[in-house]
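Worksheet: the structure to be examined is printed underneath.
Chain letters run A, B, ... following the sequence lines, proteins first, then strands; residues in each count from 1. These numbers come from a predicted model, not from an experiment.
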Amino acid sequence: MEAERQFEIIKTNTVEIISEEELLKKLKRQRPLRVKLGIDPSAPEIHLGISVQLRKLRQFQELGHIAVLVVGDFTGMIGDPSGQSKTRPKLTREQIKKNMAKYKEQIFKILDPKRTEFSYNSKWLGALTIYDFIDIASKHTVARILERDDFSIRLKEGIPVYMHEIMYPLFQAYDSVAIKADIELGGTDQKFNLLVGREMMRELQMEPQVIMTLPILEGTDGVRKMSKSFGNYIGITESPKEMFGKIMSIPDELIIKYFELTTDIFPHKIEEFRSGLQEGILNPRDVKFELAKTLVRMYHSAQVAEESAREFEKIYSKKELPTDLKEFKIGLEEINIVDLLMKTGLMPSRAEAKRKIKEGAIDIDGNPVKDINYVVKLNKPVVLRAGKHKFLKIIS
RNA sequence: GGGCAGGUACCCAAGUGGACAACGGGGGCAGACUGUAAAUCUGCUGGCGCAAGCCUUCGGAGGUUCGAAUCCUUCCCUGCCCA
């Protein structure tokens with residue numbers, strides 16, 4: 001495909017490309033470009049936030065380019081200073097191997113394995129001598145590194161910044177040198193690191209990588225970046241039910257952003273949703289419903305997506321019971337409600353169970369239980385509900 | 001090495017001898033409402049107990065006191081200034 005056309009495709013949904021001219025120049029050579037993305041081996045679960053970047057990679061692959069995934073098994077020991085990540089626990093070789101096996105299983109739901117390369121940065125970073133290290137460090141100033149947003153913020157607020165952390169951008173940059181990256185992708189929060197890669201390559205007389213930043217996807221709380229450590233993520237291998245529900249819980253304002261960044265829906269269709277929502281013609285609930293169906297279809301199947309949708313309506317709109325009601329055998333003829341909640345594990349403590357009973361969150365066969373001394377008779381199976389999402393069929 | 005300021009629950013943060021299981025915010029959970037597990041409003045958010053109350057918790061360890069998150073000693077950790 002001609003370079004200009006490729007460029008247009010690649011540019012969609014990006015925040016910034018530095019520089020566009022250089023990218024076009026690279027594309028015009030009509031040879032496969034090496035597109036780098038760093039991945040963190042300590043978080044083997046791929047979620048929609050990461051999928052934004054992986055999907056962009058996929059796009060490159062479809063245009064004939066190569067995805068080069070740099071597994072940060074070395075830099076993982078440091079932990080990217082962005083976010084308030086504490087010093088990460090050192091991973092053993094086995095853990096990394098295990099995590100990566102899990103990672104690969106998921107990643108090829110998005111990427112094309114034939115055009116994907118994996119390399120572990122311990123291979124070259126671990127081989128650096130202290131002399132090499134000093135040589136690299138001597139080309140970068142503290143002031144320049146401290147310009148980085150999160151460093152300067154931490155410094156200003158008196159939050160510690162450790163020496164190994166300020167080395168992080170240099171190591172990541174060196175990865176680009178080692179794999180001879182043409183382009184590096186990252187979230188907008190990665191801009192600084194990506195730029196350091198460019199500089200380092202130039203220092204070493206290499207053609208600098210082009211950097212491309214992509215939007216950060218907010219998690220289910222609608223505020224913070226989707227991340228495993230915030231617990232606001234939607235994993236691409238989650239069960240259809242879970243996935244559907246989590247998507248329905250994102251704030252309405254994020255619906256369009258999710259469509260754009262995480263789905264394969266055509267732009268004109270998304271435009272339709274956008275204007276429909278703006279003008280109040282479409283109910284946000286219905287559009288979000290479409291979003292949930294789309295994502296479940298992408299990561300499971302069309303059929304499962306339909307089923308999840310029906311199930312969701314059944315439980316939350318019609319307030320009926322789920323189809324796959326789990327059973328719990330208690331081995332007793334009757335039991336106090338609090339004990340029951342504890343035995344089934346639906347409540348973490350007796351105090352919590354009592355609280356929830358008083359709040360009216362517990363019901364048996366559709367009848368709210370408000371008395372903490374209520375005794376449940378089990379001469380026939382009953383359905384215990386705790387809150388909106390927890391159901392169990394109790395049998396004696 | 002010296003001086004100063006700090007370390008509080010999942011996170012941020014108030015509290016500086018009793019009224020503190022500890023203000024407030026975030027997050028979480030629940031209820032109401034809603035064609036949404038959205039938004040909004042309300043409640044709850046250490047454990048055991050029907051309750052009175054008891055137990056555990058304020059960086060660690062000791063101590064003073066009838067009584068400590070709050071005072072003292074010591075240790076560990078962080079920031080700032082000086083060297």
Side-chain angles (χ1 to χ4, degrees), chain A residues 48 81 83-87 146 151-163 165 218-234 238-259 273 276-278 280-296 308-322 336-339 341-342 345-363 366-375 384-391:
Chain A
L48 292 181
Q84 43 290 71
S85 59
K86 320 226 156 51
T87 311
L146 293 183
F151 284 146
S152 55
I153 289 170
R154 280 162 68 180
L155 233 36
K156 209 178 297 166
E157 296 186 350
I159 300 163
V161 174
Y162 293 91
M163 295 196 52
E165 293 184 291
E218 289 84 357
T220 49
D221 57 5
V223 181
R224 291 179 300 178
K225 171 183 178 176
M226 184 179 287
S227 143
K228 188 156 188 199
S229 46
F230 294 146
N232 62 355
Y233 71 101
I234 304 170
E238 292 196 59
S239 73
K241 194 179 164 189
E242 198 70 14
M243 192 184 270
F244 203 98
K246 282 189 179 182
I247 294 160
M248 289 307 284
S249 80
I250 66 166
D252 291 353
E253 298 73 58
L254 284 176
I255 296 173
I256 295 300
K257 188 167 183 183
Y258 267 64
F259 260 118
F273 287 143
L277 284 174
Q278 259 166 16
I281 301 164
L282 293 173
N283 184 329
R285 182 258 181 206
D286 297 331
V287 183
K288 209 193 286 180
F289 212 73
E290 273 314 304
L291 176 67
K293 271 205 275 192
T294 304
L295 283 161
V296 174
S308 314
R310 274 199 297 277
E311 188 72 7
F312 186 88
E313 282 196 309
K314 191 173 171 186
I315 301 174
Y316 298 108
S317 302
K318 299 182 189 152
K319 311 257 185 238
E320 288 172 12
L321 296 172
N336 170 273
I337 183 68
V338 176
D339 295 326
L341 286 166
M342 287 305 287
L346 291 181
M347 289 289 149
S349 71
R350 297 180 66 83
E352 174 77 3
K354 289 175 192 169
R355 234 180 269 132
K356 287 292 170 257
I357 292 168
K358 285 175 191 151
E359 288 173 5
I362 310 299
D363 82 44
N367 306 311
V369 175
K370 297 249 183 180
D371 177 11
I372 57 172
N373 291 313
Y374 184 81
V375 174
L384 172 66
R385 185 183 62 89
K388 286 173 194 150
H389 330 124
K390 295 180 197 158
F391 299 88

* Single hit among A:Ile234, A:Asp221, A:Ile250 for side chain to side chain contact (heavy atoms under 4.5 Å, CB included) with A:Met226 -> A:Ile234
* Asked: How far, in whole Å, is B:G67 from B:A14 if one measures between their P atoms?
  -> 30 Å
* Given the C1' atoms of B:C20 and B:G79, what is the spacing between them in whole Å? -> 29 Å
* Taking the same atom, C1', in B:A39 and in B:C33, what whole-Å distance lies between them? -> 11 Å
* Asked: Nearest-Å distance, CZ (A:Phe244) to P (B:A38)?
  -> 14 Å
* Does A:Glu311 have any side-chain contact (heavy atoms from CB on, under 4.5 Å) partners at least two apart in sequence or in another chain, and if so, which? -> A:Lys314, A:Ile315, A:Pro322, A:Thr323, A:Asp324
* To do: Find the partner of B:C23: check Watson-Crick (N1-N3 plus N6-O4 or O6-N4) and G-U wobble (N1-O2, O6-N3) distances, both under 3.5 Å, and reply none if neither fits.
  => none
* B:A68 and B:G62, which share atom name C1', separated by this distance in whole Å -> 14 Å
* To do: Tell which nucleotide pairs with B:A32, taking only Watson-Crick or G-U wobble pairs whose two distances are both under 3.5 angstrom.
  => B:U40
Polar atoms only, N or O, under 3.5 Å: list the protein pairs with nucleotides 2-7 of chain B and their distances.
none

* Check the distance between B:G28's P and A:Asn232's CG and give it to me in whole angstrom. => 9 Å
* To do: Give none if B:G1 has no partner; otherwise give the nucleotide forming a Watson-Crick or G-U wobble pair with it, both distances under 3.5 Å.
  => B:C82
* Mind checking A:Lys288 for me? I need base, sugar-phosphate or nothing, with any heavy atom below 4.0 Å counting as a touch. => base
* To do: Could you tell me how the ring of A:Tyr316 sits relative to the ring of A:His389: parallel (under 30°), tilted (30 to 60°) or perpendicular (over 60°)?
  => perpendicular
* Salt bridge check: are A:Lys370 and A:Glu359 linked by an N-O gap of less than 4.0 Å? -> no
* Decide yes or no, distance alone: a donor-acceptor N/O pair under 3.5 angstrom between the base of B:U36 and the side-chain of A:Asp286. => no
* Identify the nucleotide, in any strand shown, that forms a Watson-Crick or G-U wobble pair with B:A68, with both distances under 3.5 Å; if there is none, say none. => none
* Which value, in whole Å, describes the distance between the C1' atoms of nucleotides B:C23 and B:G15? -> 8 Å
* Asked: Do the side chain of A:Asp221 and the base of B:G27 come within less than 3.5 angstrom through a donor-acceptor pair of N or O atoms?
  -> no
* A:Arg355/A:Glu352 salt bridge by N-O under 4.0 Å criterion -> yes
* **Inter-nucleotide P distance (B:C58, B:G7), Å rounded** => 14 Å
* Asked: Heavy atoms under 4.0 Å, any strand shown: does A:Lys319 hit a base, just sugar-phosphate, or nothing?
  -> base
